[in-house]
S.K.: 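What follows is a structure written as structure tokens; I'll ask about it next.
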Amino acid sequence: MKIIKNECEQMPKDECMNDEDILNDIMLSEKNISNSYSVAINEMSNKYLYKEVMSIFEDTKDMARDIYNLMFSKGWYSITQEDEKNIEKSYTKYSNKLSELS
């Protein structure tokens with residue numbers, strides 16, 4: 001498998017949090033916040049409140065994406081390119097499950 005990433009910007013490792021540590025912490029917080037908003041949105045009965053919280057939810061998702069892009073550009077986040085055979089295998093598996101439901 002091929003790992004896709006940018007050149008890693010080295011940060012000093014000491015007892016204090018560096019930029020990478022801070023962004024990792026913020027990213028984790030954004031993920032947790034958006035998960036909580038998602039649950040709340042699903043359980044909202046008030047249409048006005050739903051729209052307001054949905055707007056905030058979208059903002060948190062946008063912020064998480066911006067943080068991800070920044071971390072990726074600095075080489076602090078990487079992704080692994082999946083083998084085409086594994087993708088096809090998963091596609092077939094879930095296509096078969098979907099057809100069973102019909």
Side-chain angles (χ1 to χ4, degrees):
M1 281 189 248
K2 180 180 174 186
I3 295 179
I4 302 168
K5 65 183 274 181
N6 290 305
E7 184 177 327
C8 186
E9 186 173 311
Q10 296 298 319
M11 297 301 299
K13 301 288 182 192
D14 57 17
E15 293 180 15
C16 297
M17 290 179 72
N18 60 33
D19 291 347
E20 181 182 2
D21 297 331
I22 292 168
L23 282 175
N24 271 319
D25 189 49
I26 293 170
M27 177 65 112
L28 181 60
S29 296
E30 287 297 323
K31 288 178 180 180
N32 289 328
I33 289 168
S34 68
N35 287 339
S36 296
Y37 277 129
S38 181
V39 170
I41 288 167
N42 290 332
E43 298 177 359
M44 297 248 162
S45 60
N46 182 290
K47 188 175 183 176
Y48 173 76
L49 187 57
Y50 169 84
K51 286 183 180 183
E52 289 297 313
V53 174
M54 183 60 130
S55 175
I56 296 168
F57 172 74
E58 290 171 351
D59 290 343
T60 61
K61 290 310 238 181
D62 290 343
M63 282 188 267
R65 183 68 183 165
D66 290 344
I67 294 164
Y68 167 82
N69 286 334
L70 176 61
M71 293 179 73
F72 184 79
S73 73
K74 294 193 173 284
W76 299 335
Y77 229 99
S78 61
I79 54 176
T80 304
Q81 183 176 353
E82 189 57 73
D83 181 46
E84 197 169 320
K85 285 174 63 177
N86 289 339
I87 294 171
E88 184 63 35
K89 183 178 173 183
S90 292
Y91 177 80
T92 303
K93 175 184 172 182
Y94 290 106
S95 291
N96 290 341
K97 286 186 180 235
L98 182 61
S99 65
E100 290 173 9
L101 294 173
S102 302

S.K.: Please tell me if the side chains of Ser73 and Leu70 come closer than 4.5 Å, counting only heavy atoms from C-beta onward.
M.R.: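 Touching, per the 4.5 Å side-chain cut-off.
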S.K.: Who else is in Met44's hydrophobic cluster (ILVMFWY, side-chain heavy atoms under 4.5 Å, direct or via others)?
M.R.: Ile33, Tyr37, Ile41, Leu49, Tyr50, Val53, Met54, Ile56, Phe57
S.K.: Check the pair Asp19, Trp76 against side chain to side chain contact (heavy atoms under 4.5 Å, CB included), reporting the backbone distance first and the verdict last.
M.R.: CA-CA 10 Å; Asp19 291 347; Trp76 299 335; 3.9 Å; yes
S.K.: Applying the 4.5 Å side-chain criterion to the ILVMFWY set and letting contacts propagate, would Tyr68 and Ile22 be lumped into a single cluster?
M.R.: yes
S.K.: Between Asn42 (side chain only) and Val39 (backbone N and O only), is there a donor and an acceptor less than 3.5 Å apart?
M.R.: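 Here the side-chain-to-backbone pair does not exist.
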S.K.: Going from OG on Ser38 to CD on Glu43, what distance comes out if it is rounded to the nearest 0.5 angstrom?
M.R.: 10.0 Å
S.K.: For residues 87-94, tabulate all N or O donor-acceptor pairs below 3.5 Å that involve a side-chain atom, not counting sequence neighbours.
M.R.:
from: Ser90; atom 1: OG; to: Asn86; atom 2: O; distance (Å): 3.3
from: Thr92; atom 1: OG1; to: Glu88; atom 2: O; distance (Å): 2.9

S.K.: Please list every donor-acceptor pair under 3.5 Å in which a side-chain atom of residues 25-32 meets a protein atom from a residue at least two apart or in another chain.
M.R.:
from: Ser29; atom 1: OG; to: Asp25; atom 2: O; distance (Å): 3.1
from: Lys31; atom 1: NZ; to: Tyr77; atom 2: OH; distance (Å): 3.2
from: Asn32; atom 1: ND2; to: Leu28; atom 2: O; distance (Å): 3.3

